[in-house]
Asks: 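Take a look at the following structure, please.
Computation of the quantities below employed the complete heavy-atom set of this structure, encompassing side-chain atoms and omitting hydrogens, waters and symmetry-equivalent molecules. Every chain is numbered from 1 and lettered A, B, ... according to where its sequence line falls, protein lines coming before strand lines.
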There are 2 protein chains.
Amino acid sequence: MTNMKDVAQEAGVSLGSVSNYLNEKKIRPDAEERIKNAIKKLHYVRNNAARDLRTNGSSYVVFVLPTVWTPYFSELTFWIQKELDHYGYKAILCLSENEYEQEKGFVDMAEEQRVAGIISVSYSNLTSHVHSDIPLVSIEKEDTGLFPLVSSDNYSGGEIAAAELKKRQADKFLFIGADHISSTAMTARKSGFVDYCNRNGMKYTIDKVPSTHHQEEFDIQIKKIVDNIAGSKYQYRNLGIFSYTDEVALSLYKELLRRNIKIPEEVQIVGFDGWKLSQDQQLSISSIRQPVKDIAVNAVKQLDKRVNRESTQDVPRIMLPVTFLQGDTTKTI
Amino acid sequence: MTNMKDVAQEAGVSLGSVSNYLNEKKIRPDAEERIKNAIKKLHYVRNNAARDLRTNGSSYVVFVLPTVWTPYFSELTFWIQKELDHYGYKAILCLSENEYEQEKGFVDMAEEQRVAGIISVSYSNLTSHVHSDIPLVSIEKEDTGLFPLVSSDNYSGGEIAAAELKKRQADKFLFIGADHISSTAMTARKSGFVDYCNRNGMKYTIDKVPSTHHQEEFDIQIKKIVDNIAGSKYQYRNLGIFSYTDEVALSLYKELLRRNIKIPEEVQIVGFDGWKLSQDQQLSISSIRQPVKDIAVNAVKQLDKRVNRESTQDVPRIMLPVTFLQGDTTKTI
DNA sequence: GTGAAAGCGCTAACAC
DNA sequence: GTGTTAGCGCTTTCAC
C-alpha cells in the first residue's frame, strides 16, 4: 500500500506538505498540482486508522439496539444511519437481542475502538457499564439522568388513543399490555390511556399478553382475549382496544376477523408505533405513530453536541410528540 | 487515556510483556497477576486503532445495501450482523438508497478505513469502482465474475410459483414484473415462471408496475391491473398471479379485496421474498421464501475465506434454494 | 509556506 | 520468557 511518504517523494515535496494538502491547508499552487498528480498516479488513499491514532479522534459511532428486524427498529436504524452519515459519522451496527452480555460486549468494543460515541436503545441499564467518557445518547429508555434521552411522548400517546376511540363512538375500552416487561415506555402508554379514561368517565378493562418470542403462549393468550370479547354477542359492540404495540394489534386483528367480528364496525383497534413496512408502505392498523425520523435526528444531534463538547453540562430529556394514524381498524370520521 | 506503557510501569514489567499478555502469549505467572491488577487499577483498555495500524489489519466490514427499511433487507441485515459478529467482525452499516454516488462514497470510505472487507447488495455495477484489493462479496446482484456471488435461486423460484398455482387449480396465469428495473433477479424469476408455463401448456399474460417509490403512478397501475382482472365477471376465476415481490403482491391483494374479489377462492397470489415482519411474525401473503439467513451465512463465510486468503483463486457463485410459503392468498391443499 | 523530526499506542523482531 | 527498540502512517510542532 502506498503511503504519504511515497506521494511526497513522487511529488518532490515534503511529507508535511502532502499532509497539509490533504487537510485543505494553504499550499503552493504548483506543489498542489504535483501532489494531485502523484496521488492519482500512485492510487494513494489516506489511511484513516493512522490519522485517528495520531489525532486521537474517530468518526465511528456505535449504534446498539435489540434488533433491526422489526418495522419500527428498521425504520429507526434507517434514519440513524442517514443522520450519522450526514454528520460524517460511520455507523457500527450492534444488535443485542436484548441480552445484557451482548450489550456489554458492544460497549467494551466501543471503548477498544475509541469510537466517537454510542447511541443505544437498551432495555437494561446498559449505561451503568459505560466507564469511560464516551458520549452516549439513549433512545426511549434508560432515564438515569446521566445521559441525554430521546423518546416519544408515550403518555400522551395513550391519551390520544383513548380520545380517538371515544371520538369514534367506542363506549367501552380495553388496554392490552405486556406481562413480561415493565418498561417505562409501556407503563407511560398505559397511564396515559387509563388516566384519560378516568378523567372522562370511560369504562375500561386491562389485559396482558406474553412476549411474542414465546409464540405458542402468545397465540393462546390472544385467543383467550378474543374468546372473552366474543363471549357475549352484544357485549363487544363498540369496544375500543388500545394495544401497547402494533405487533399485538395485528395479531388481535387477525384473530378477531377469524371470529367474524367486524372491524372497525363492531370493534376498533389502535396500536402503537405506526409501523411502516417500508418507506412507501404502511400497515393497515390504526396506530399511534412514533416520530421515528425525529427521534433519530435528535439523537444524533445530541450526540454530536457532546462529541464536540458543546453541551456537557445539561442532560436533556427530549420528548417528541406522537400522532394518530388512521388505518383500517378504526372508523373514518 | 492510559496506555500500555502506564500498565507496564505500574506492573513493573516491560511494554512487550504487557503486549504479550494481551495477545495471550506465554507469560510468567506472577507477572501475569501483576499486569492483571495494573489493568484493573488503571482501567486500561487496549487501543485497537493503534493495533490495527501496526498489524495492518482491521476487523471492520462494510455492509452496503439500498436500505434497511424493508422486511427483506431488515432480516438480511439482522443475519449479516449476527454472522459478522460471530466471526469477530464489526459491521459498518451503509445505506445507499440505490444511488451510485452514495455507493461510491461508501467504497472510498472503506478504502480509507482499510476495512477487512465489503459485503454489498448493489444494483449498479459498484464493483467496478473497487480498485484496491479489499475482499468483496456480492449478494443477489453483480455477477461480474470478479467477486463471489451469493444469491437465491430466482429462476427456480419462478418455476415453483407456477407449479404451486397450478397445483391449486389455477388455469390462467399472470406474471407481474417491474417496468423500471431489469435486474437479473427479476428476469430470472420471470423466466422460471414463463418457462414452466410454456413447458406445461399453461396460458399466461405479463404485466408491469412502476417503482413503489412513485406511489401515485404505482397505485394507478395496480388499479388498472385489477380493473382488467375484474373486467369480466367470470374471466378472473381461477386466475393465478405471481408477482416479483411481496410488496407488489400485498398492494394487489388489498386492491382485489376492495373490489370484492375473493382470495384465494377466485384469485390466488404468490409473491416473492417471504417477508417476515419480525422474527416472530410473517405476512399473510403466500410467497416464494428467500433463505435469508443462509444468504447471510454464506456471504460472511465467503468473505472470511478471502480475508484469510484461503481461496483467492476460485470465484464461487452460490445459488441457494427457495421454498414455497403457504399464506392466506393461495388455497390450502 | 515548507521541511525535519517527534510521537500517537501498539506489535514484532531481536538479543539476552 | 523478558526487555529494548524500530516503525506502522499519519499530524503537528518548530525553526527556517
Asks: Please state how far atom CG in Asn47(A) lies from atom P in dG9(D), giving the value in whole angstrom units.
Replies: 7 Å
Asks: Return the minimal non-hydrogen interatomic distance between Ser59(A) and Asp52(A), and the atom names on each side.
Replies: N-OD2, 4.4 Å
Asks: Nearest whole angstrom, please: distance from the P of dG9(D) to the CD of Gln9(A).
Replies: 13 Å
Asks: Roughly how many Å is it from CG in Asn48(A) to C1' in dC8(D), rounded to a whole number?
Replies: 15 Å
Asks: Given atom CG of Asp52(A) and atom P of dC10(D), what is their separation to the nearest angstrom?
Replies: 12 Å
Asks: Base, sugar-phosphate, or nothing for Asn56(B), non-hydrogen atoms under 4.0 angstrom?
Replies: nothing
Asks: Going by atom types only, do Arg46(B) and Asn3(B) share a side-chain donor-acceptor pair under 3.5 Å?
Replies: no
Asks: Quick check for you: among dT12(D), dC10(C), dG1(D), whose closest atom lies nearest to any side-chain atom of Lys26(B)?
Replies: dG1(D)
Asks: When we call it a touch if two heavy atoms are under 4.0 Å apart, what does Ile27(A) touch: a base, just sugar-phosphate, or nothing?
Replies: sugar-phosphate
Asks: Classify the nucleic acid contact of Asn3(B) as base, sugar-phosphate or nothing, counting any heavy atom under 4.0 Å across all strands shown.
Replies: sugar-phosphate
Asks: Tabulate protein N/O versus nucleotide N/O from nucleotides 3-6 of chain C, keeping only pairs under 3.5 Å, one per line.
Replies:
from, atom 1, to, atom 2, distance (Å)
dG3(C), OP2, Ser14(A), N, 2.9
dG3(C), OP2, Ser14(A), OG, 3.1
dG3(C), OP2, Ser17(A), OG, 2.8

Asks: If you pin Leu53(B) and Pro29(B) to their nearest nucleotides in DNA chain D, which one's is more 5'?
Replies: Pro29(B)
Asks: What pair of heavy atoms forms the shortest contact from Lys141(B) to Ser183(B), and how long is it?
Replies: NZ-CB, 3.1 Å
Asks: Answer yes or no: does a side-chain N or O of Arg114(B) lie under 4.0 Å from OP1 or OP2 of dG9(D)?
Replies: no
Asks: How would you label the contact of Asn23(A) with the nucleic acid (heavy atoms, under 4.0 Å): base, sugar-phosphate, or nothing?
Replies: sugar-phosphate
Asks: Which whole-number value in Å describes the distance from Lys25(B) NZ to dG3(D) P?
Replies: 15 Å
Asks: How long is the straight-line distance from CD1 of Ile27(B) back to CD1 of Ile35(B), given to the nearest 0.5 Å?
Replies: 4.5 Å
Asks: Classify the nucleic acid contact of Lys5(B) as base, sugar-phosphate or nothing, counting any heavy atom under 4.0 Å across all strands shown.
Replies: nothing
Asks: Using a 4.0 Å heavy-atom cut-off, does Ser19(B) contact any base of the nucleic acid, only the sugar-phosphate backbone, or nothing at all?
Replies: base
Asks: Measure up the His129(A) and Tyr100(A) rings against each other and bin them: parallel (under 30°), tilted (30 to 60°), perpendicular (over 60°).
Replies: perpendicular
Asks: Classify the nucleic acid contact of Tyr21(A) as base, sugar-phosphate or nothing, counting any heavy atom under 4.0 Å across all strands shown.
Replies: nothing
Asks: Roughly how bent is the helix from dG1(C)-dC16(D) to dC16(C)-dG1(D) end to end, in steps of 10 degrees, with each end axis from five pairs?
Replies: 40°
Asks: Rounding to a whole Å, what distance do you find between Leu22(A):CG and dT12(D):P?
Replies: 12 Å
Asks: Mind checking whether Tyr123(B) and Phe73(B) have parallel, tilted or perpendicular rings, split at 30° and 60°?
Replies: perpendicular
Asks: When you check the gap from the basic side-chain N to the acidic O, do Glu83(A) and Lys293(A) get nearer than 4.0 Å?
Replies: no
Asks: With DNA chain D as reference, determine whether Asp30(B) or Ala50(B) sits nearer its 5' end, using the nearest nucleotide of each.
Replies: Asp30(B)
Asks: Which residue is it: Val307(B), Ile92(B), Val107(B)? I am looking for the one with a side-chain contact (heavy atoms from CB on, under 4.5 Å) to Val115(B).
Replies: Ile92(B)
Asks: Rounded to the nearest 0.5 Å, what separation is found between the OG atom of Ser122(A) and the NZ atom of Lys104(A)?
Replies: 12.5 Å
Asks: Which nucleotide sits closest to the side chain of Tyr44(A): dC10(C), dC10(D), dT2(D)?
Replies: dC10(D)
Asks: Could you tell me the separation between the NE2 atom of His86(A) and the NZ atom of Lys301(A), rounded to the nearest 0.5 Å?
Replies: 11.5 Å
